[in-house]
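The sequence lines fix the lettering, A, B, ..., with proteins before strands; numbering per chain opens at 1.
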There are 2 protein chains.
Amino acid sequence: MDFSKIDLFEGIKGSEVNCMMSCFGAVFRTFRAGATVYDYPESGDEVGVMLKGGATMIRTDENGEVSVMEIFAEGDIFGEVLAFSNAAGDSVKVIAESDCEVMFIKYSQITKRCEKACEHHSRLVQNMFGLIAKKTLSLSQRIEILSKRSTRDKLMCYFRILARTCGDEFELPMSVTRLAAYVSADRSAMTRELSRMQADGLIEINKKKIRLKKVC
Amino acid sequence: MDFSKIDLFEGIKGSEVNCMMSCFGAVFRTFRAGATVYDYPESGDEVGVMLKGGATMIRTDENGEVSVMEIFAEGDIFGEVLAFSNAAGDSVKVIAESDCEVMFIKYSQITKRCEKACEHHSRLVQNMFGLIAKKTLSLSQRIEILSKRSTRDKLMCYFRILARTCGDEFELPMSVTRLAAYVSADRSAMTRELSRMQADGLIEINKKKIRLKKVC
DNA sequence: CTCAAAATGTTGCAAATGCAACAACCATTT
DNA sequence: AAATGGTTGTTGCATTTGCAACATTTTGAG
């Protein structure tokens with residue numbers, strides 16, 4: 001297993017990473033696309049580290065309304081203690097978007113100093129620090145999107161965020177149906193709005209390929 | 001200054017806290033209600049710790065649209081590195097809701113180990129950890145609220161969250177105008193909806209006092 | 001290949017919401 | 001007391017949005 005690309009272990013040698021695994025009681029699992037990676041009511045204080053592939057955190061409320069909470073790519077971490085409140089007791093799951101590989105460790109083992117006082121434990125804490133900061137950033141981005149009043153503004157806001165890393169032409173990192181859940185809009189209404197946006201010359205859209213046309 | 005109630009310093013003796021202040025280059029300031037506590041484009045890598053009073057983080061976009069991003073009470077921390085993306089380059093400020101007292105420290109001084117290697121520095125990092133986790137929780141709560149489709153659902157979601165800590169009868173922690181910004185709805189439309197909710201027997205509302213009536 | 005399930009695209013209609021404009025109220029300052 | 005600025009409450013109207021229902025296309029499994 002190559003951990004060199006995983007941010008959580010940055011600055012920690014591969015050999016030492018393996019050594020740390022026993023402290024953490026790390027467990028490795030692989031999942032097929034569509035499988036449930038993490039089921040919140042059950043998964044206690046475990047932290048998941050996405051080693052390979054991608055997944056989406058999905059909340060389903062009592063009315064069956066679905067909303068996308070977070071999107072995980074390689075290197076991202078997730079877990080109940082890390083990220084969210086489940087106020088309403090809704091069902092919250094992480095679903096594999098593609099085949100993926102995940103490492104699970106106990107949160108409590110990370111935050112408390114282990115008896116052996118691994119030298120690299122504190123570095124790991126620092127890394128974790130940075131990852132959580134990154135996560136708050138993405139949550140905050142989501143809030144920026146959701147706080148727009150109209151579906152059009154929400155979409156434009158999201159597209160501009162994507163464009164900042166990918167340029168004015170990019171591919172949606174999720175299905176249109178998921179996108180609707182992500183911006184918290186009705187799918188059909190959103191599709192209608194996407195058409196209008198194209199008609200108004202704001203974007204060009206072809207399947208999942210999108211091109212921002214106007215600078216703004 | 002009494003730090004015993006500030007989560008960031010939990011488990012660190014008062015005398016040692018004072019000792020640490022020099023490492024951090026802590027600066028203390030007081031603000032009147034309505035004053036600007038923190039202005040993001042300018043305030044670099046500083047972390048604010050709310051020692052006394054309360055404040056609100058407000059984003060204003062290019063159209064003058066206002067949205068409340070976070071609400072800070074005693075013990076909460078805030079800062080650019082901690083929480084948010086400013087994608088659009090909008091104006092983001094922290095405004096004192098009441099008279100308040102804030103301590104500012106440099107983020108970089110917290111994350112990097114200081115030369116003196118204070119014994120308690122690592123405890124501070126652990127505490128900071130917990131605070132950020134708490135922050136992600138509140139961001140995630142906000143997302144839970146914003147991802148509801150209707151204004152009524154947003155409000156009920158928020159009220160239930162408040163009720164969990166305060167019981168079925170509580171006082172709004174912000175003005176109605178701010179509440180509208182928080183749930184990202186038009187103020188007048190929200191007021192209208194609040195009346196309807198009362199008419200429908202869901203809540204009783206009197207100024208800022210709210211009572212949840214139906215269990216659900 | 002074939003079938004079933006899921007995703008996508010489209011439309012009409014009713015309801016919710018934003019918007020604008022206004023009046024009433026409150027607190028603070030002069 | 002008067003003036004000022006901010007918050008609150010209300011209403012009519014145009015627009016947006018959600019919702020439901022349906023046809024079409026794509027995907028995946030056997």
Working note: Lys208(B) + Glu171(B), criterion salt bridge (charged side-chain N to carboxylate O under 4.0 Å, His left out); need CA distance, chi angles, decisive distance, verdict.
CA-CA 5 Å; Lys208(B) 287 188 179 178; Glu171(B) 187 146 345; over 6 Å; no
Any protein N or O atoms within reach of nucleotides 3-13 of chain C? Criterion: under 3.5 Å, listing atom names and distances.
from, atom 1, to, atom 2, distance (Å)
dT8(C), OP1, Val176(A), N, 3.4
dT8(C), OP2, Val176(A), N, 3.4
dT8(C), OP2, Thr177(A), N, 2.8
dT8(C), OP2, Thr177(A), OG1, 2.5
dG9(C), N7, Arg187(A), NH1, 3.0
dG9(C), O6, Arg187(A), NH2, 3.1
dG12(C), O6, Arg192(A), NH1, 3.3

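- The side-chain hydrogen bond (donor to acceptor under 3.5 Å, both in side chains) test applied to Glu74(A) returns no partner, not counting sequence neighbours.
- In this structure, CG of Asp200(B) is placed 14 Å from P of dA15(C), rounded to the nearest angstrom.
- Taken to the nearest 0.5 Å, the CD1 atom of Ile6(B) stands 11.0 Å off from the NZ atom of Lys52(B).
- Computed from coordinates, the Lys154(A) NZ to dT17(C) C1' distance equals 12 Å when rounded to whole Å.
- Between the CD atom of Glu193(B) and the C1' atom of dG9(D) there is a distance of 15 Å, rounded to whole Å.
- Here Arg149(B) reaches the OP1 or OP2 of dC19(D): one of its side-chain N or O atoms lies under 4.0 Å away.
- The ring-ring contact (aromatic ring centres under 6.0 Å, His included) check on Tyr158(A) picks up Tyr182(A), with sequence neighbours excluded.
- Under the rule for a side-chain hydrogen bond (donor to acceptor under 3.5 Å, both in side chains), Thr36(A) has no partner lying at least two apart in sequence or in another chain.
- For the ring-ring contact (aromatic ring centres under 6.0 Å, His included) test, residues two or more places apart in sequence or in another chain that qualify with Phe9(A) are Phe3(A).
- Straight-line distance from the CG atom of Asp153(B) to the P atom of dA16(C): 11 Å, rounded to whole Å.
- With respect to Lys135(A) and Glu70(A), a salt bridge is recorded, a charged nitrogen being found less than 4.0 Å from a carboxylate O.
- In this structure, Leu155(A) places its CG atom 13 Å from C1' of dT16(D), rounding to the nearest Å.
- Between the two ends of the helix from dC1(C)-dG30(D) to dT30(C)-dA1(D), each summarised by a five-pair axis, the helix axis turns through 50° (rounded to 10 degrees).
- Distance NZ (Lys148(A)) to C1' (dT17(D)): 19 Å, rounded to an integer number of Å.
- Below 30°, between 30° and 60°, or above 60°: for Phe78(B) and Phe104(B) the angle between ring planes is above 60°, a perpendicular geometry.
- Rounded to whole Å, atom C1' of dT17(D) lies 14 Å from atom CZ of Arg152(A).
- No hydrogens or angles considered: a donor-acceptor pair under 3.5 Å links the side chains of Glu97(B) and Thr56(B).
- Atom CG in Asp186(B) sits roughly 13 Å away from atom P in dA21(C) (whole-Å rounding).
- Within the structure, a side-chain polar atom (N or O) of Thr151(B) is placed less than 4.0 Å from OP1 or OP2 of dT17(C).
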